[in-house]
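The structure under discussion appears below in the form of C-alpha cells.
Note on naming: letters A, B, ... go to the chains in the order of the sequence lines (proteins, then strands), and numbering restarts at 1 for each one.
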Amino acid sequence: MARILITSALPYINGIKHLGNLVGSLLPSDAYARYMRLRGHEVMLICATDEHGTPAELAAAKAGKPVEQFCAEMYETQKTLGEGFGLSFDHFGRSSNPHNHKLTQHFAGRLAEAGLIDEVMEKQVYSNADGRYLPDRYIEGACPACGFENARGDQCENCTKQLDPTDLINPRSAISGSTDLEVRETKHLYLRQSKLRDRLREWINTKTDWPVLTTSIAKKWLDDGDGLQDRGITRDLDWGIPVRKGDEEWPGMEGKVFYVWFDAPIEYIAGTAEWADANGKSEADWRSWWREDEGATDVKYVQFMAKDNVPFHTLSFPVTIMGSGEPWKLVDHLKAFNWLTYEGGKFSTSSQRGIFMDQALELLPSDYWRWWLLSNAPESSDSDFTWAAFQAGCNKDLNDVLGNFVSRVTKFCRSKFGDSVPSGGVPGEEEAALEKEVDTRLDAYGTAMEAIEIRKAAAELRGIWVAGNEYLQRAAPWTAFKTDPDQAAMVIRTAFNLMALYATVSEPFIPDASKAINQSLGWSGKWPVTAKEALSALPEGHDFTVPENLFRKIDDGERDIWNAKFSGASTA
RNA sequence: GGCGAGGUAGCUCAGCUGGUUAGAGCGCACGACUCAUAAUCGUGAGGUCGGGAGUUCAAGUCUCCCCCUCGCCA
C-alpha cells in the first residue's frame with residue numbers, strides 16, 4: 001500500500017478539448033489512477049482548468065462575455081465532459097480559485113526572499129483608448145521582417161518570426177483598433193531560472209527511469225544556446241493572480257498579475273487544497289500529500305502531460321519548488337506523450353478539424369474512445385487517429401472479442417443451465433492451462449501499468465480477453481453438454497469467473513463495461529492475486545442476468561459519414 | 001539551416017544492456033466449430049529491419065556518411 005499523487009496537465013480554459021488533448025494526459029492519468037486504486041493504493045488524482053492568460057481573455061471577448069463568466073461556464077462544461085469520459089479525478093479544480101491565488105503569491109514571496117526574482121524595467125505598448133497595456137496578442141501591426149499586415153505582438157503568422165509588441169510597424173490595438181498607442185516603461189518580475197541550472201541538471205540526471213522524450217527535452221532547454229533563460233513571470237493584464245509578495249503588497253507591481261505559466265502548475269497543489277475543502281478535510285490532510293515535512297515522504301508523485309508541457313514541468317515548476325526553500329514535493333515520475341494526429345494532419349481548434357470531446361460523446365459512449373485512444377496512445381512517437389483504424393479496433397477488440405465472450409457465456413448458460421452459475425464437474429488440464437496463461441498475462445499487464453506503458457498494458461489486457469475465447473473453443477461446453485453436463489457446467493462456471501475477472505481488470509480502460517459486467521453478475525471482485533483463486537471466486541448457484549450487448553459494431557456507412565463530417569473546413 | 005523524434009511484414013506497431021529460423025494485432029487466404037453480436041478458434045502466405053560503408057566470431061540492435069517523414073526553432 002503506497003500513496004500515489006497523480007496530476008494531469010491542466011486543460012486550458014479557452015475551449016472544448018479535442019481527442020489529442022484527451023489522450024495526451026487526461027485519459028492516461030485516469031487509467032493509471034484507476035489501476036493503482038484497484039491495487040489497493042491510496043491515490044490522489046488532481047486536475048483543474050488553466051484559466052489565466054491572454055487566450056482566455058480573447059476567447060471570452062469573442063464569446064461576448066466577461067472573462068470571469070466565460071471561465072466559470074467553460075469550467076462547468078469541461079468538468080461535465082471529463083465526467084462523461086469517466087475521468088475519476090479526486091478533484092477537478094480551477095486555477096483561478098482562492099487557494100491558487102494564495103499559494104502563487106506565497107511562492108513568489110519565497111522566491112523573492114531567496115534572491116531568485118529580478119525586477120526589470122521594460123518597454124510595453126500602452127493603449128490610451130483602451131486604458132490598458134497591450135501584451136502579446138492584444139496588439140497587431142505589420143511585420144518588420146516580411147511586411148505581413150496582420151502580425152501579432154508575439155509572432156508573425158506569415159513568416160513565423162518571434163516578435164515583441166514594440167517591433168510592429170503601424171501598430172494598432174486588437175481590441176479597439178485604436179492607433180493611439182504609446183510605449184511606456186513598466187516593471188516586470190523575472191524568475192532567475194539560470195541560477196538553479198546546475199541544481200536542475202543534477203536533479204534531472206538522477207531521473208534515469210524517465211522516458212527519453214522527457215529528459216532530452218529538459219536537457220535541451222538547460223544547455224541549448226546560452227543555457228536556461230530567466231523568464232518573465234508577470235503581465236500587464238486584469239485577469240490573473242495579482243502580484244503580491246506573500247501576504248504583502250509588492251511595491252511597483254500594483255495592477256499586474258502573474259504570468260499564466262507561473263501560476264498554472266501551482267494549481268496542482270492548490271487543487272489538492274480545494275479537494276480538502278470540498279470533502280471536509282483539513283489543511284493537514286492536503287498538505288500531507290505535498291509537504292515532505294508534513295507527511296509526504298512516502299508519496300510518489302507522477303505527472304502526466306503532452307510533450308509541449310515538458311519544459312515547464314522539468315524546469316520552471318521545479319525552480320519554483322526548489323527556489324522556495326521549502327520541502328514541497330517534486331515530481332518523481334513524469335510521463336509525457338507525443339501528439340495524436342487526425343487523419344494524417346493536425347487537430348485544429350481554430351479550423352474545427354478533428355473530433356472534440358463533446359462531439360465524441362454524441363457519437364459513441366466513452367468506453368469506445370477510451371479503449372481506442374489508450375490502446376493507441378502516442379507513447380513512443382506521434383500516432384494517427386483514422387476512422388478506419390478506430391472502427392477496426394473497436395469492432396474487433398470490444399465487440400467481437402470481449403462483448404461477444406460475455407454474450408456467448410451468459411446465453412449458453414441460460415439456455416442449458418438457467419440463470420445461475422451452474423455447479424458440478426471438476427477442473428482439469430484445460431483449466432490449469434488457462435490459469436497459467438492468465439497469470440502470465442496479468443503479471444505482464446501489471447508490469448506495464450506500473451511502468452505506465454499504456455499501449456503494452458492494453459495489448460496484455462486484450463490478450464486476457466482472447467484467452468477466454470480460446471479456452472471456450474478448446475473446452476467446447478456445447479459438445480460436452482451432450483454427453484457430460486457436469487463437465488460443461490464446470491467450463492461455463494470457469495467462464496463466468498473469467499467474466500468477473502475481466503470486469504475487475506478492465507476497469508482502468510473501460511469502466512462502463514466493467515460496471516455492466518459486474519451488474520449482470522451481481523458481483524464485484526477484488527484484484528486477482530492468482531488466477532486459480534480468481535477463477536473459483538463466484539459461488540455455485542450465484543444468480544446472474546444476461547446483459548444487453550456490451551458493445552455494438554461501427555458500420556462502414558456511419559464511419560464514412562463521420563469521416564466526412566469531421567474533416568474540417570465545413571463545420572457540420 | 002540548427003535541434004529533436006522517427007523510417008521494421010499491405011496497415012498500426014513490439015523488439016531490453018548486439019547472439020538460435022525478426023515478433024504481435026489488424027487485413028488477407030484456407031480450415032474447424034456452431035454456444036454467441038455472420039461472432040469465435042486454428043493454420044498459412046507476407047519483411048535482404050530506409051540506403052551505403054565500418055567495428056565484431058556475431059548487428060534491426062554499436063560507429064560514420066547519405067536519403068525520406070514529422071515536430072520545434074531559425
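Residues forming a side chain to side chain contact (heavy atoms under 4.5 Å, CB included) with A495(A) (at least two apart in sequence, or on another chain): F405(A), V409(A), L472(A). With sequence neighbours left out, the ring-ring contact (aromatic ring centres under 6.0 Å, His included) criterion links H188(A) to no other residue. Checked against ring-ring contact (aromatic ring centres under 6.0 Å, His included), F385(A) has the following partners two or more places apart in sequence or in another chain: Y342(A), W372(A), W387(A), F390(A).
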**Prompt:** Which is it for T314(A) and W203(A) under the side-chain hydrogen bond (donor to acceptor under 3.5 Å, both in side chains) test, yes or no, and what are the steps along the way?
**Reply:** CA-CA 10 Å; T314(A) 54; W203(A) 175 65; over 6 Å; no
**Asked** Taking it one step at a time, do E450(A) and M36(A) satisfy side-chain contact (heavy atoms from CB on, under 4.5 Å)?
**Response** CA-CA 8 Å; E450(A) 300 282 343; M36(A) 287 303 175; 3.4 Å; yes
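The gap from the C1' atom of G44(B) to that of G2(B) amounts to 49 Å, rounded to the nearest Å. Taking the C1' atom of each, U43(B) and U55(B) are spaced 42 Å apart, rounded to whole Å. Here, A59(B) and C64(B) have their C1' atoms 15 Å apart, quoted to the whole Å. The gap from the C1' atom of G18(B) to that of A22(B) amounts to 14 Å, rounded to the nearest Å. On the C1' atoms, U20(B) is 43 Å away from C72(B), given to the nearest whole Å. C33(B) sits 45 Å from G51(B) when the P atoms are compared, rounded to a whole Å. U61(B) and C16(B) have their P atoms separated by 11 Å, with the value rounded to a whole Å. Spacing of P atoms, G71(B) relative to C28(B), comes out at 32 Å, to the nearest Å.
Taking atom CD of Q391(A) as the reference point, atom C1' of C11(B) lies 14 Å away to the nearest angstrom. The nearest whole Å value for the distance from the CZ atom in F544(A) to the C1' atom in A36(B) is 13 Å. The distance from atom CZ of F412(A) to atom P of C33(B) is 17 Å, rounded to the nearest whole Å. Rounded to whole Å, the distance from CD on E343(A) to C1' on C70(B) is 17 Å. Between D556(A) atom CG and G27(B) atom P there is a gap of 12 Å when expressed in whole angstrom units. Note: CG (N395(A)) to C1' (G27(B)) measures 14 Å, nearest angstrom. To the nearest angstrom, P of A36(B) lies 20 Å from CZ of F551(A). Straight-line distance from the CG atom of L398(A) to the P atom of G25(B): 17 Å, rounded to whole Å.
Applying the salt bridge (charged side-chain N to carboxylate O under 4.0 Å, His left out) test to every pair with at least one member in residues 415-431 of chain A, sequence neighbours left out, gives these pairs: E430(A)-R474(A).
In summary, the side chains of R231(A) and Q193(A) do not present any donor paired with an acceptor at a separation below 3.5 Å, with no hydrogens or angles considered.
At distances below 3.5 Å, at least one donor-acceptor pair connects side-chain atoms of D230(A) with backbone N or O atoms of S194(A). Judged by distance alone, the side chain of Y471(A) and the main-chain N or O of L498(A) form no donor-acceptor pair under 3.5 Å. At distances below 3.5 Å, not a single donor-acceptor pair connects side-chain atoms of D118(A) with backbone N or O atoms of Y190(A).
Under the 6.0 Å distance and 45° angle rule, K553(A) does not count as a cation-pi partner of F551(A).
The 5' end of RNA chain B is approached more closely, in terms of each residue's nearest nucleotide, by S383(A) than by the other of C413(A) and S383(A). Comparing E453(A) and K416(A), the nucleotide of RNA chain B nearest to each residue sits closer to the 5' end for E453(A).
Note on R462(A): only backbone sugar-phosphate atoms sit closer than 4.0 angstrom, heavy atoms only; bases stay farther off. No engagement by I492(A) is indicated, since no non-hydrogen atom pair under 4.0 Å with the nucleic acid exists.
For RNA chain B, if you chain together Watson-Crick or G-U pairs that step i with j, i+1 with j-1 and so on, the runs of at least three with distances under 3.5 Å are B:1-7 with B:67-73, B:10-13 with B:23-26, B:28-32 with B:40-44, B:50-54 with B:62-66.
Taking 90° from 0 as the syn/anti boundary, the base of G46(B) is oriented syn.
For W478(A) and C35(B), the ring-to-base geometry satisfies the stacking test (centroid distance below 5.5 Å, interplanar angle below 30°).
Not one side-chain nitrogen or oxygen of K456(A) sits closer than 4.0 Å to the OP1 or OP2 atom of A24(B).
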**Request:** Using a 4.0 Å cut-off on protein heavy atoms (strictly under), produce a 5'-to-3' string for nucleotides 38-46 of chain B with B for base contact, S for backbone-only sugar-phosphate contact, and - for none.
**Result:** -SBSS----
